[in-house]
Protein chains: 2
Amino acid sequence: MKKTETRIQKKNHSAIKSAGLKVFAQFGFRGSTLDQIAAESGLSKPNILYYFASKEAIYEALLAQLLTDWLQPVRDIDPAGDPVEEILKYAKHKLKMSRLYPRESRLYATEIIQGAPRIKSVLTGELRDVVENLALLINHWADAGSIRAVDPYHLIFSIWAMTQHYADFEVQVKAIWGERDHFEDAEQYLEDMLRRMLTV
Amino acid sequence: MKKTETRIQKKNHSAIKSAGLKVFAQFGFRGSTLDQIAAESGLSKPNILYYFASKEAIYEALLAQLLTDWLQPVRDIDPAGDPVEEILKYAKHKLKMSRLYPRESRLYATEIIQGAPRIKSVLTGELRDVVENLALLINHWADAGSIRAVDPYHLIFSIWAMTQHYADFEVQVKAIWGERDHFEDAEQYLEDMLRRMLTV
DNA sequence: TAAGAATTTGACCAACTGGTCAAACTGACG
DNA sequence: CGTCAGTTTGACCAGTTGGTCAAATTCTTA
């Protein structure tokens, strides 16, 4: 059973995870140091290791949280809803997560690019299952004629690719697009694209 | 002026860059070590530093090469060609590069995710200019009625996002799609998407 | 083939790494 | 106020890091 956290524990666990997210998202696991996380969180290095067993434990706590948040919106897609609107709702939700939590997106991206050494089992397990179910649903919608027939997997990949691009490649987007907000227009473009793809 | 490389220099420079690409693409600059590159290239660590001044020099040589290869296909787009086919040609070329050179793609991705500390000037300079020109061309095509009016920047972002996704997130794609080649179907999906987006 | 140039290496270094530990400090609560 | 669990830290450690250097080895070419 889980003991309730003290006030200080709650504060410090949260400070460490927040600092870890910032550092790991930028430098990856191997490129990040406890000293960086210590400096970022305002705690001393030994104190950090009082709250987390190791550097790896911080990283894994972040990944675990991330995967939960990532997968839930896929599960929230309503098979009884309007197909195009449901897919659109999901895509917009994903885009909003990119805008609100770009560091989480980047942390995930670095983990995947590095070959997902710590979460490969989740990818081939939970993630795969969830996506397979969604693909079945999309195919079912296509068979029923509610949407145009498209490869469901590549449809999903394209939604992921585009939404995450705006978070992961933010410096590049900003270098080209300028500093003004690009998410507004991105949403419109994404909606236009998906409607064109899904409407007969 | 550049002295011609000896046989050995050519061989070793190439071996080091190849090894560096492999290591840097996986762990990013800070996460990679000279020992890893040494082991991967079959050379001793001091010998590597005989050919490159520092770890950073190897990384920068790779990035410079990369940016050239990345930008050229954009420049190769023919303003006099058929608009849809030209954009399609570019997108397919980019996808082929993701299939043939996934490590280069990942190296670039890690650099951008980390905030592009070493190539930000290229992003806001050369890259920005090249993309701006392409955007003007696309708008021109749209004005002439040869393609549907779309935001040219987000069109370009979507092509980049999707093509690079198959290289950078390869483990995730494979976890879901299985080990069989996904690039074939990806090309078909991409073509379908772009034709839908660009055809009136 | 001999000499000089190019290449390779083992030994080494200072800075940094993740992590430990005993001692000191702080806060909550009877 | 006293006590004790909970918290914080300075000093420290062994392993790793990027990089140096003089000496040894191998190539090339006159």
Side-chain angles (χ1 to χ4, degrees), chain A residues 1-64 107 110-111 114 117-118, chain B residues 1-64 107 110-111 114 117-118:
Chain A
M1 71 205 87
K2 180 178 265 179
K3 272 283 176 80
T4 47
E5 289 187 316
T6 70
R7 175 180 56 89
I8 298 178
Q9 279 166 356
K10 198 179 287 185
K11 189 189 63 174
N12 286 347
H13 274 135
S14 146
I16 293 169
K17 282 198 276 186
S18 167
L21 176 61
K22 206 163 177 177
V23 175
F24 285 134
Q26 185 165 173
F27 300 107
F29 179 73
R30 291 206 29 186
S32 303
T33 72
L34 280 174
D35 284 312
Q36 282 178 287
I37 299 171
E40 186 67 39
S41 66
L43 300 177
S44 68
K45 189 167 64 172
N47 204 11
I48 284 181
L49 291 165
Y50 173 71
Y51 289 100
F52 286 88
S54 63
K55 174 182 159 184
E56 189 144 11
I58 306 172
Y59 188 76
E60 276 169 2
L62 288 168
L63 270 186
L107 175 67
T110 61
E111 172 68 13
Q114 293 178 13
R118 296 150 221 276
Chain B
M1 73 205 89
K2 181 177 266 178
K3 273 286 177 78
T4 47
E5 286 187 317
T6 69
R7 177 180 55 90
I8 296 177
Q9 279 167 356
K10 199 178 290 184
K11 189 190 63 177
N12 284 349
H13 273 135
S14 146
I16 293 169
K17 282 198 277 187
S18 167
L21 176 63
K22 207 163 177 176
V23 175
F24 285 133
Q26 185 163 173
F27 300 107
F29 178 73
R30 291 205 31 185
S32 302
T33 72
L34 281 174
D35 284 313
Q36 283 177 287
I37 298 172
E40 186 66 39
S41 67
L43 301 177
S44 69
K45 188 167 64 172
N47 204 12
I48 283 180
L49 292 165
Y50 173 71
Y51 289 101
F52 286 87
S54 64
K55 174 183 160 184
E56 190 146 11
I58 305 172
Y59 188 76
E60 277 170 0
L62 288 167
L63 269 186
L107 176 66
T110 60
E111 172 68 14
Q114 293 179 10
R118 295 147 223 276

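Chain A is the first sequence line, chain B the second, and so forth, proteins listed ahead of strands; every chain is numbered from 1. This structure is a prediction, so every number in the text was calculated from the model and none was measured.
Judged purely by atom type and a 3.5 angstrom limit, E111(A) uses its side chain to pair as donor or acceptor with the backbone of R118(A). At least one donor-acceptor pair closer than 3.5 Å links the side chain of S32(B) to the backbone N or O of G28(B).
Note: CD (Q36(B)) to C1' (dT16(D)) measures 12 Å, nearest angstrom. Rounded to whole Å, the distance from CZ on F52(B) to C1' on dT7(C) is 15 Å. Between the CD1 atom of I48(B) and the P atom of dG10(C) there is a distance of 14 Å, given to the nearest Å. Rounded to whole Å, the distance from CG on L43(B) to C1' on dG10(C) is 16 Å.
Close to dT7(D), at under 4.0 Å from its OP1 or OP2, lies a side-chain N or O of Q9(A). Close to dT9(C), at under 4.0 Å from its OP1 or OP2, lies a side-chain N or O of S44(B). Using a 4.0 Å cut-off, some side-chain N or O of Y50(A) falls inside it from OP1 or OP2 of dT7(D).
Heavy atoms of Y51(A) sit under 4.0 angstrom from primed sugar atoms or phosphate atoms, though from no base atom.
Ion pair K22(B)/E40(B) flagged as a salt bridge, since at least one NZ, NE, NH1 or NH2 atom sits closer than 4.0 Å to an Asp/Glu carboxylate oxygen.
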Going 5' to 3' through nucleotides 18-30 of chain D and flagging B where a protein heavy-atom sits under 4.0 Å of the base, S where only the sugar-phosphate is that close, and - otherwise, we get BBBB-----SS--
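Considering F29(B), F52(B), F27(B) as possible partners of Y59(B), the one that fulfils the ring-ring contact (aromatic ring centres under 6.0 Å, His included) test is F29(B).
Among all heavy-atom pairs drawn from S44(B) and A38(B), the shortest one is C-CB, 4.2 Å. The minimum heavy-atom distance linking L49(A) with S54(A) is given by the pair CD2-CA, 3.8 Å.
You'll find the side chain of T33(A) reaches within 4.5 Å of the side chain of R30(B), heavy atoms only. A 4.5 Å side-chain heavy-atom check between I58(B) and L34(B) finds at least one atom pair inside the cut-off. Residues I37(B) and F24(B) form a side-chain contact, since some pair of their non-hydrogen atoms from C-beta on lies under 4.5 Å apart.
Listed in residue order, the members of residues 11-23 of chain A having a heavy atom less than 4.0 Å from DNA chain D are N12(A).
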